[in-house]
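Presented below is the structure to which this report refers.
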Amino acid sequence: MKTQGSITELASGFDAIAMEVFANRLLSITESMAINMMRSSFSAQIKERRDFSVGLFDGHGRLVAQGTHIPVHLGSLMGAVESLLARYPRDQIRPGDAFICNDPYVAGGTHLPDISIATPLFVDGRLIAFTVNIGHHTDVGGTVPGSTSAVARSIFEEGLRIPVMRICREGKVEEDILNLVALNSRLPEERMLDLRVQIATNERGGEEALALVRRMGVDAFEARIRDLLDYTRRRLDLRIAGLKEGATGSFTAWLDDDGLPDGEKMPLSATVSVEDGKLVLDFAGSGPEARGALNIAQNALRATAYYCVKALLDPDLMANSGMMEAIVLRAPERTIVNPRAPAPVGSRTIACQRLAGAIFGAFQPLIDPDTRIASGFDVLPAFKLSGRQPDTGAYYICGETMGGGGGARCDGDGMDGIHVHITNSLNLPTEALENEFPLHVEEYGLVQNSSGIGRWRGGMGIARTVRSLHDETTLESRSDRHKAGAPGAEGGGPGGMGRLIRNSGTENEELLSSKVSGVVLTAGETVRIETPGGGGFGNPAERPVELIAGDLRDGIVTEDYARAGYGDLLVNAALATIRHQRGQSAT
């Protein structure tokens, strides 16, 4: 059956039910891979925070399924396979091989701690698929513990650069490669063990994928992949066709600086338009290459853009190569969105988050008004504390990325304390942090008065205070929105700004910049990280009294903050509501 302008207009023999079953079977394989990787890994980054991703590709290097984990990893997954196929002729890729890479400029990566492993799958000597995974490794060398210096000026300061190389040959691990990676890390044993888990995860996923191929037959397997990619492409084509031809939207988001604390603020600009049925994202107007590590390598840009399109136009669309054919990206060379080696990229996620916010802003005039949203905190605040274990003398690195406030929606408040956009890692549980590292968590909560006011308020930022229990504890931290909060929408107010405070609440309190490196703490000193809140949506005067009362009662805002934002009349009515509720409760 063919219906003009419909997703049913597919090739003869297309079976929608079979395709749906097939798609979910592929996703079940990726989820099985993810569970294996999470349960078997040794580092807290992977087993606790789940900073990893997995994917399946067909024999031509096209993505067919990605595990539901970290959106920015889509870029590294695609880049690894593309770089592999560019580096090695197909007749030099053999059963039992596996390949390793991480470099953003020659091997499709996005920053050096994210190491990819790609494993080809064969049936009767025919290359039919790849299983791929990526894991964030706690340390791959470089000038600072954790390999993500907030103030690096070159990628050579950021750690070991790995081109596409064989890490397995004829089913045997190349121990020399493992030893090379381990020697360049401050945590060599952890590198060795996590890389072995990545290799084994691909092998496990490959077994399941080959079982599916044998059950279906190679020709049917490849036919279903064609159907899946074609369906995805046509479905996105319809969403794009629903946008007004020739209509455009533009938005500029601003970073506090260019990656170095003394830098000028940096623009990230996006313009969205529809040209000849293609969705065009143009980043002209974005700032020059950043001096610091905020540059966005090619595959980080692709992952950010594809995530935004999927989230805004069709959240249920499968993330595969079919959706990418209708999207055109234009990024001027030697800018922060299209850097050239050796520009540093270690903290690229901060800029990616802000760029995602700019793309969301640019889309607002093109999409349904009932789906509009204010800016979220749009950062990936991160800190690392490192030193020596007091009992063994072994080196440790404790790393954490933190959530913040989501933007208020046109029909509801923003979410509190969440990751937004292209990150989706979990928090490091306090119990795990204190069990593995000589640190103590003094506070873990939400930041009062951090939500932007409006008809709907923005989400709240997170506060975490960690105490060093021993001398010579080194702090590295990187964040943004310490100079200006997330902008509100349609009359809503900005979200609260982030802060980094040494020895908060003491006579030695010190406000640090958003990006610091090499700060040495003595025993008993604390560091408090406050993440930004989300912007508000709509006129604050239209916020219902009952909601303001709830904000006051729950400690989300103080009375002074509420009066400054909502005015005395609404706040007085909210306080009266609280008194009435308490009176009813007492009786």
Side-chain angles (χ1 to χ4, degrees), residues 37-52 76 100-103 109 111-117 133-150 152 155-162 165 167 173-201 293 346-347 382-401 425-429 432-439 466 468-478 517-521:
M37 192 159 168
M38 176 185 67
R39 291 180 175 175
S40 303
S41 293
F42 292 82
S43 67
Q45 293 290 335
I46 296 176
K47 70 181 178 183
E48 297 286 357
R49 297 191 54 255
R50 303 186 188 179
D51 197 347
F52 70 92
S76 298
I100 184 173
C101 60
N102 76 343
D103 190 78
H111 77 162
L112 299 181
D114 286 348
I115 298 180
S116 298
I117 302 290
N133 68 63
I134 179 173
H136 180 102
H137 286 254
T138 308
D139 185 87
V140 291
T143 58
V144 303
S147 312
T148 48
S149 171
I155 195 171
F156 295 111
E157 300 176 49
E158 296 182 326
L160 178 66
R161 302 177 66 184
I162 308 172
M165 305 170 66
I167 195 168
V173 175
E174 294 279 8
E175 299 292 339
D176 290 343
I177 302 297
L178 279 184
N179 290 332
L180 174 67
V181 176
L183 184 62
N184 280 274
S185 174
R186 294 169 178 86
L187 303 170
E189 183 180 27
E190 189 178 273
R191 297 291 68 72
M192 296 273 282
L193 295 173
D194 277 351
L195 285 172
R196 289 186 186 278
V197 168
Q198 287 185 253
I199 293 167
T201 294
S347 300
F383 70 88
K384 284 186 171 65
L385 292 163
S386 60
R388 297 284 178 180
Q389 294 282 5
D391 50 349
T392 65
Y395 203 83
Y396 76 86
I397 301 174
C398 171
E400 169 81 303
T401 59
S425 57
L426 301 184
N427 68 311
L428 181 59
L433 187 155
E434 294 182 339
N435 181 60
E436 294 200 24
F437 310 109
L439 303 166
V466 181
S468 168
L469 300 181
H470 299 274
D471 292 340
E472 300 298 321
T473 300
T474 301
L475 168 69
E476 314 285 338
S477 185
R478 62 192 191 277
S517 180
V519 176
V520 180
L521 306 176

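It should be emphasised that the depicted structure is a prediction, and the values quoted were computed from it without experimental measurement. Side-chain atoms are counted along with the backbone in the values below, which use heavy atoms only and exclude waters and symmetry mates.
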Please evaluate residues Leu433 and Glu400 with respect to the criterion side-chain contact (heavy atoms from CB on, under 4.5 Å), reporting the C-alpha separation (whole Å), side-chain torsions for both, the decisive distance (0.1 Å), and the verdict.
CA-CA 10 Å; Leu433 187 155; Glu400 169 81 303; 5.7 Å; no
Residue pair [X] / [Y], side-chain heavy-atom distance below 4.5 Å:
X: Phe42; Y: Leu187; answer: no
X: Asp51; Y: Thr401; answer: no
X: His137; Y: Asp194; answer: yes
X: Cys398; Y: Leu428; answer: yes
X: Glu48; Y: Leu426; answer: no
X: Thr201; Y: Ser40; answer: no
X: Tyr395; Y: Pro145; answer: yes
X: Ile100; Y: Ile115; answer: yes

How many angstroms lie between [atom1] in [X] and [atom2] in [Y], if you round to the nearest 0.5 Å?
X: Ser386; Y: Leu521; atom1: OG; atom2: CG; result: 9.5 Å
X: Thr143; Y: Phe156; atom1: OG1; atom2: CZ; result: 13.5 Å
X: Asp103; Y: Glu158; atom1: CG; atom2: CD; result: 10.0 Å
X: Ile46; Y: Met38; atom1: CD1; atom2: CE; result: 11.5 Å
X: His136; Y: Ser425; atom1: NE2; atom2: OG; result: 9.5 Å
X: Asn184; Y: Asn179; atom1: CG; atom2: CG; result: 11.0 Å

Show your working on side-chain contact (heavy atoms from CB on, under 4.5 Å) between Ile162 and Leu180 and close with a plain yes or no.
CA-CA 10 Å; Ile162 308 172; Leu180 174 67; over 6 Å; no
Of all the heavy-atom pairs spanning [X] and [Y], show the shortest one and how long it is.
X: Thr148; Y: Ser347; answer: O-OG, 4.4 Å
X: Glu476; Y: Thr474; answer: OE2-CG2, 3.6 Å
X: Pro188; Y: Ala182; answer: CB-O, 3.3 Å
X: Pro438; Y: His470; answer: CB-CD2, 3.5 Å
X: Thr473; Y: Ser468; answer: OG1-OG, 2.9 Å
X: Ala382; Y: Ser477; answer: O-OG, 3.1 Å

Main chain of Val144, side chain of Arg186: is a donor-acceptor contact present, judged purely on distance under 3.5 Å?
yes
Output, in order, the C-alpha distance, side-chain angles, deciding distance and verdict of side-chain contact (heavy atoms from CB on, under 4.5 Å) for Leu160 and Leu112.
CA-CA 7 Å; Leu160 178 66; Leu112 299 181; over 6 Å; no
Who passes side-chain contact (heavy atoms from CB on, under 4.5 Å) against Glu472, sequence neighbours left out?
Val520
Gln389 atom CD, over 12 foreign heavy atoms within 6.0 Å
yes
For Asn102, the side-chain hydrogen bond (donor to acceptor under 3.5 Å, both in side chains) test, sequence neighbours excluded, returns none
Quick one: do the Glu190 and Thr138 side chains pair a donor with an acceptor below 3.5 Å?
yes
